[in-house]
Structures are given as structure tokens and as C-alpha cells.
Amino acid sequence: MQATSNLLNLLLLSLLAGLDPSKTQISPKEGWQVYSSAQDPDGRCICTVVAPEQNLCSRDAKSRQLRQLLEKVQNMSQSIEVLNLRTQRDFQYVLKMETQMKGLKAKFRQIEDDRKTLMTKHFQELKEKMDELLPLIPVLEQYKTDAKLITQFKEEIRNLSAVLTGIQEEIGAYDYEELHQRVLSLETRLRDCMKKLTCGKLMKITGPITIKTSGTRFGAWMTDPLASEKNNRVWYMDSYTNNKIVREYKSIADFVSGAESRTYNLPFKWAGTNHVVYNGSLYFNKYQSNIIIKYSFDMGRVLAQRSLEYAGFHNVYPYTWGGFSDIDLMADEIGLWAVYATNQNAGNIVISQLNQDTLEVMKSWSTGYPKRSAGESFMICGTLYVTNSHLTGAKVYYSYSTKTSTYEYTDIPFHNQYFHISMLDYNARDRALYAWNNGHQVLFNVTLFHIIKTEDDT
């Protein structure tokens, strides 16, 4: 099955930070989406699934429509209140006019009784009264217009009330809490199903989503792929050299807003931008050496360090952009890896699987791809994917499977929006590529080809 990674929570936070959604190519979906289905030669189901956000209730189509209609009714109620105040004001004018008209009536009677002696005087008073009534004519016209508007508003509110009643009937007898619990139960079952997915092959890269713009042109930012769902800490390491400061944020939202929660002063400077956080520890290449350091954030100290035998360092075998990127540490669904080059392998890429506790090399694979010709690389499900450049026009050009010890040339383009990539790492929990793109911290979505494991297959 092809499964697109769940980046929707990150996207939401990006939008809240004021980012322009038109710069992204990933749009959130309302719920679990099944795009297509087919059968492989063995009769197994193959389909495309997109995972949803954490809270589906907030994006339920009927609930959203109901909320929008309720807001419209509230706005109309406010308009009617304004009109009511205005008509009350006009009504006072009408009462005043009524009094003046009664006065005029009395004057006409007096004129009729005594036409001769008081004619001039009363006609002058009549003229003055008429002058007072002239401003009331437009008020009466406005009063009639407002009365029509109120009638229209009342009719529209009656129509809306009927629509709201229909929606309530369509939703059914379940209250919100019951609906919410049902959605959470369904989501749990779907996520359990997702866990049955075997490792997949990279098919497509989309995005990027720009999370933040900060720091220099070069750097690294990451989350822990083995952290629990409630633990969304972000670590930020600016520059590729001459730095020992790691900044920690409790969540993506805090990272976007700049609300730093903790700062770590490492005992050694790092080299490059190819660090990784894995199971609560930071793994990085010690400056001017081929030594790998394991540093525990919780304990605040180095737990292990080991030299990566024969690995080139200090710009002997960097990626195309340089920056002491000789040794690239990364993690995927299988474990911890180091990607580097050696003289013994003629400067071509070597892949080593590391023991996360001791940093010992458990097994190595020698490829035929020159390290200096690689823009960046990342591991997904035990396969190394290599880009051909760090600049505009970059694409995933080469892949090497540690499962089969075979390689192939690929053609998977991706959008290098800010023209220069100095860090590109896969996060297995988020099913996403974290990248440092010329001073912008961005995320790429990946589409993998998966086969669902059923109980009959095991």
C-alpha cells in the first residue's frame, strides 16, 4: 500500500505562525483518504491511504457547516439588533410628528372659527410648524426601508433555522461527546492498521512546508523518531562548525514562536549539519575528527564516543556543498546509521549500521556512488537515497538497499524552494523529511509504496 505521511499537525502550526499556505503543495485532508485500490499478482490488496490529523471532529463537514450557519445566524441577530435600535430612534421622531400634527389640527380649527381676525397670525404659525415637519419626511422613508429589512432578516432566519434543524436530524441523535469518542476509537483502529505496514519504497516527495525562517544558511533541526506521541520536542543546531549550543523547544508551536525551553552546552564542537536525535540522545560528529559522540539530553553528559574507522573527515569527503559534511548520522525504521566515505572504498559512499548504545559498527555496505557527488542522503527502511545536488533542480538520483545489497538509479524530483539544502533527514515517526533550506526550516512529505501484512501472511 502507498501511504502518505501524517504531516497535518505540523502544517496547522505553520499556518498559525502566519505562513503563506500558497507556498506549499500539501493540503490537509479531512479524515483518512483512500485514493485508489488494486490487487497484486498474489491477490493482495494494494491501495493508497493518507493519514488524517489527530482530531477529526473539528473538520467534520457537517459540523463545520453547522458552525458556519450558527455564526451567520448570530451575525444576522446582531444586525437585527442594530436595526431595532435605529427603528426605536425613528419611532421617537414619529411620536414627535404625531404631536405636531395634532397641534396643526387644532390650529386649523382655530383658523376655521376665526378666519378674519387671526388669519395672518395663524398662517404664520402654520408655516413654522410645516418647516419643523420637513426633516421628518426622510426619517419616515428610512423607517419604512428599515421595516422592510427587518422583515427580510426575519424570513432568512426562519429559513436558516429550518436548515439547522435538517442538519441536526441528519447528524442523528448522537451528542458531541459520543461522536468524539467514536472518532477517537476509529482513529486508534486505523493507526493500529498503519502499524502493520511493512517498510516501503520511496515513490514521491512533495512540499516543502516552511515551518520557520531563522539562523544562518547552514544548520540542523530535528525531532526524536522514537519519542512518544505526546513528546514533540524540537532541537535546533545553527551553523556547521564552531558551535556547541543546542536549543530545545517543547513543541513545534514553541519552536515557531521562539519559546525556548532549554539550552545545552555540548562538551565538544560539532562538524557539519548531519546530526540525529534518537531515543533521547544526540549523535554528532566531533569537530576535526571521525569520532561519533552520543550525548544524553536527560543526563546532560556524553554516554559514548567511538572513532568511525577509516572515515574521511574535515572536508575530505563532504557532500557537494562542503561544510564538513563528511559523516552523516541518520535513523530510520530499522535503527541508527552512519554514511561516509573511505580511501579504501575510493571515496565512494559507505553505509554502516551502528549499535545505538556502544556506537560499534554492526555491519557495513560499500557502494559505488562518489560521496563528493552527492548533494545529501537519507535512509528509509534500510535503503539509502542519495540526491545529485544541493542546489535548484536537485532530485533523488540513486538508491542502495542494505537488504538486498543492490542499487538502482532513480528519478524522484523535489522542490528546492530556497535554492540551497544543507541538511536533509528522514523521520520515521512523522514519515517526513526534515530539511535546512538556506536559513529556512522546512518539511517534505514522502509517499512510500507499502504492502499490508495480514494475519494470513504471517
Side-chain angles (χ1 to χ4, degrees), residues 2 5 199-208 272-274 276 308 310-312 315-354 361 363-416 419-428 431-437 442 444-450:
Q2 288 182 340
S5 64
C199 268
K201 179 180 179 180
L202 179 66
M203 303 297 292
K204 185 179 181 182
I205 300 174
T206 53
T273 59
N274 306 114
V276 65
L308 194 58
Y310 304 123
N315 275 348
V316 174
Y317 295 119
Y319 288 128
T320 53
W321 65 274
F324 306 138
S325 56
D326 305 68
I327 298 174
D328 192 348
L329 301 171
M330 56 188 74
D332 68 355
E333 292 84 351
I334 295 175
L336 185 66
W337 304 85
V339 172
Y340 54 98
T342 64
N343 290 333
Q344 288 76 2
N345 197 36
N348 294 323
I349 289 177
V350 175
I351 307 169
S352 290
Q353 187 173 5
L354 304 179
V361 173
K363 188 176 180 180
S364 292
W365 294 260
S366 296
T367 77
Y369 197 92
K371 177 73 162 49
R372 283 180 166 273
S373 297
E376 276 289 342
S377 68
F378 52 89
M379 295 287 291
I380 298 180
C381 299
T383 296
L384 179 72
Y385 295 92
V386 182
T387 70
N388 63 347
S389 174
H390 63 284
L391 301 173
T392 302
K395 61 183 178 180
V396 177
Y397 181 72
Y398 174 91
S399 67
Y400 186 95
S401 170
T402 59
K403 183 178 180 180
T404 61
S405 297
T406 58
Y407 71 91
E408 65 176 325
Y409 288 96
T410 61
D411 187 7
I412 305 174
F414 61 95
H415 183 41
N416 189 347
F419 318 117
H420 188 290
I421 290 179
S422 59
M423 170 249 178
L424 188 65
D425 277 331
Y426 173 71
N427 185 294
R431 296 275 177 89
L433 294 174
Y434 283 64
W436 192 288
N437 197 183
V442 306
F444 291 94
N445 192 17
V446 297
T447 300
L448 306 180
F449 182 81
H450 291 275

Next on the checklist: Would the distance check show the side chain of Thr342 and the main-chain N or O of Tyr310 forming a donor-acceptor pair, the cut-off being under 3.5 Å?
Outcome noted: no
Item to check | Closest heavy-atom pair and its distance - Ser325, Tyr319 | outcome: OG-N, 2.9 Å
Item to check | Pairwise distance CG(Leu336) to CE(Met379) - rounded to 0.5 angstrom | outcome: 10.5 Å
Checklist entry - Mind checking what makes side chain to side chain donor-acceptor pair (under 3.5 Å) contact with Asn343, not counting sequence neighbours? => result Tyr317
Checklist entry - Can you find a pair of side-chain heavy atoms, one from Thr406 and one from Glu408, that are under 4.5 Å apart? => result no
Item to check | salt bridge (Lys or Arg N to Asp or Glu O under 4.0 Å) contacts in which one or both residues fall within residues 375-385, not counting sequence neighbours | outcome: none
Checklist entry - Hey, which of Phe444, Tyr385, Tyr434, Tyr426 is the one that makes ring-ring contact (aromatic ring centres under 6.0 Å, His included) with Phe378? => result Tyr385
Item to check | Nearest non-hydrogen partners of Phe419 and Asn437, listed with the distance | outcome: N-ND2, 3.7 Å
Checklist entry - Under 3.5 Å, side chain of Lys204 to main-chain N/O of Val446, donor-acceptor pair present? => result no
Next on the checklist: Within this structure, what is the CD1-OG distance for the pair Ile421 and Ser389, rounded to the nearest 0.5 Å?
Outcome noted: 8.5 Å
Checklist entry - CZ of Arg372 to CD1 of Ile349: how many Å apart, nearest 0.5 Å? => result 12.5 Å
Checklist entry - Do Tyr369 and Asn388 have side chains that get closer than 4.5 Å, going by heavy atoms? => result yes
Checklist entry - Are the side chain of Thr273 and the backbone N or O of Ser422 linked by a donor-acceptor pair below 3.5 Å? => result yes
Checklist outcome for this item: CD1 of Ile412 to CD1 of Ile205, rounded to nearest 0.5 Å, is 6.0 Å
Checklist entry - With a 4.5 Å heavy-atom cut-off, do Thr383 and Leu202 have their side chains touching? => result no
Item to check | Close side-chain approach of His390 and Met423, heavy atoms under 4.5 Å | outcome: no
Item to check | Side-chain heavy atoms of Val350 within contact of Thr367, under 4.5 Å | outcome: no
Checklist entry - What are the two closest non-hydrogen atoms of Ala338 and Leu308, and how far apart are they? => result CB-CD2, 4.0 Å
Checklist entry - Should Leu448 and Lys201 count as side-chain neighbours, where that means a heavy-atom distance under 4.5 Å? => result no
Item to check | Minimum-distance pair of heavy atoms, taken over all atoms of Asn315 and Gly323 | outcome: OD1-N, 3.6 Å
Item to check | Steps toward side-chain contact (heavy atoms from CB on, under 4.5 Å) verdict (Val316, Tyr340) | outcome: CA-CA 10 Å; Val316 174; Tyr340 54 98; over 6 Å; no
Checklist outcome for this item: Taking every heavy atom of Ser377 against every heavy atom of Val339, the minimum-distance pair comes out as OG-CG1, 3.9 Å
Checklist entry - Hey, mind stepping through Leu424 and Thr387 against side-chain contact (heavy atoms from CB on, under 4.5 Å) and telling me if it holds? => result CA-CA 10 Å; Leu424 188 65; Thr387 70; 4.0 Å; yes
Checklist entry - Can you tell me how far the CG atom of Asp332 sits from the SG atom of Cys381, to the nearest 0.5 Å? => result 6.5 Å
Checklist entry - Do you know the tightest heavy-atom contact between Ile327 and Ala311? => result CD1-CB, 4.2 Å
Next on the checklist: Can you see whether Asp425 engages Asn274 through a side-chain donor-acceptor pair at a distance of less than 3.5 angstrom?
Outcome noted: no
Next on the checklist: Is there a side-chain contact between Asp328 and Trp337 in this structure, where contact means two heavy atoms from C-beta onward sitting under 4.5 Å apart?
Outcome noted: no
Tabulate below the donor-acceptor pairs under 3.5 Å that side-chain atoms of residues 391-400 make, not counting sequence neighbours, or state none.
from: Lys395; atom 1: NZ; to: Asp411; atom 2: OD1; distance (Å): 3.3

Next on the checklist: Are the side chains of Ile334 and Gln353 in contact, using a 4.5 Å heavy-atom criterion?
Outcome noted: yes
Item to check | CG-CH2 distance between Leu384 and Trp365, expressed to the nearest 0.5 angstrom | outcome: 11.0 Å
